[in-house]
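In the text below, chain A, chain B and the rest are named by the order of the sequence lines, each starting its count at 1.
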Amino acid sequence: MGSRLMVARIVETEAYRGDEPACHAFVNLARVQRGLAPRGRSALLFDEPGLAYVYLNYGVHWLFNVVTERAGVAGAVLVRAAEPQSGVEHMRRLRPGIEDEQDLASGPGKLTRALDIGPRFNGRSLCVARELWLAAPQVRVPPRQIEAGPRVGISKAQGLPWRFCLRGHPCVS
DNA sequence: GTAATGATAGCCT
DNA sequence: GGCTATCATTACT
């Protein structure tokens, strides 16, 4: 009986902060500043760091984020691309028809499909090794290899250089 | 270039 | 309640 473990190395992210309009939490900002509880989908972004925030985008794709700020302050990091490391055969089964291994998780929607990340993980901790978790990198990435640039696919708060990726990595478009 | 597909927000009555 | 625009994308022509 083979392991069902899948491991992928994150190679592209985007940061979102609750006080800028591209962030889902922005619609709750005024409420929270008045001392009211956040509500709706993005209330989770005001929760404690280390939780998963998974939401449906364009009615088609689940997108995977990590809540990053202390409770009461909204912020998250969108995980946009990852490089398959092990359990690749499982990812292939979840991404039928994809030949190139580097294309299995080379986008935020592709990544959630390849790793079977769906709404069941919304609000769950990523800090305990159960079903879905974040692990420290085996090899530390030198800051010089991390390229910062403008976020993609958004219409508000453009220009902030809050997209981060490994320079020239094949999983990054 | 563009269809697919559904949740959400903001507006209206 | 309803209506409409928008949307952190992908795969296909």
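A 3.5 Å limit on both hydrogen-bonding distances identifies no Watson-Crick or G-U partner for C/dA8. Nucleotide B/dT5 forms no Watson-Crick or G-U wobble pair with any nucleotide shown, as no partner meets the under 3.5 Å limit on both distances.
Contact between A/V11 and A/C171 at its shortest, heavy atoms only, is CG2-CB, 3.8 Å.
Rounded to an integer number of Å, the gap from CD of A/Q158 to C1' of C/dC7 is 13 Å. Atom P of nucleotide B/dA9 and atom CG of A/L56 are separated by 14 Å, given to the nearest angstrom. For the pair A/N57 CG and C/dA11 C1', the computed distance is 15 Å after rounding to whole Å. Distance CZ (A/R113) to P (C/dT9): 16 Å, rounded to an integer number of Å. The distance from atom CD1 of A/I117 to atom C1' of C/dA8 is 15 Å, rounded to the nearest whole Å. Distance A/L63 CG to B/dT8 C1': 15 Å, rounded to the nearest Å. For the pair A/L29 CG and B/dA9 C1', the computed distance is 16 Å after rounding to whole Å. Distance A/H24 NE2 to C/dT6 C1': 11 Å, rounded to the nearest Å.
For the pair A/Y16 and C/dA8, the ring geometry qualifies as stacking, because the centroid separation is below 5.5 Å while the planes lie within an angle under 30°.
Counting any heavy atom pair closer than 4.0 Å across all strands shown, A/V60 reaches a base atom. Backbone-only engagement by A/R95 is indicated by non-hydrogen atom pairs under 4.0 Å involving sugar-phosphate atoms exclusively. No engagement by A/R151 is indicated, since no non-hydrogen atom pair under 4.0 Å with the nucleic acid exists.
With contacts defined as side-chain heavy-atom distances shorter than 4.5 Å, the pair A/R9/A/H169 qualifies.
Of the candidates C/dC7, C/dA8, B/dA9, the closest approach to any side-chain atom of A/R80 belongs to C/dA8. For A/N65, whose side chain is taken as the heavy atoms from C-beta onward, the closest listed nucleotide among C/dA8, C/dT9, C/dT10 is C/dA8.
Between A/G107 and A/S155, the one whose closest nucleotide on DNA chain C sits nearer the 5' end is A/S155.
At a threshold of 4.0 Å, the pair A/E131-A/R124 counts as salt-bridged, since one of the basic side-chain nitrogens sits closer than that to a carboxylate oxygen.
Side chain of A/N65 to backbone of A/Y53: a donor-acceptor contact under 3.5 angstrom is found. A/T112 places a side-chain N or O within donor-acceptor distance of the main-chain N or O of A/W62, the cut-off being under 3.5 Å.
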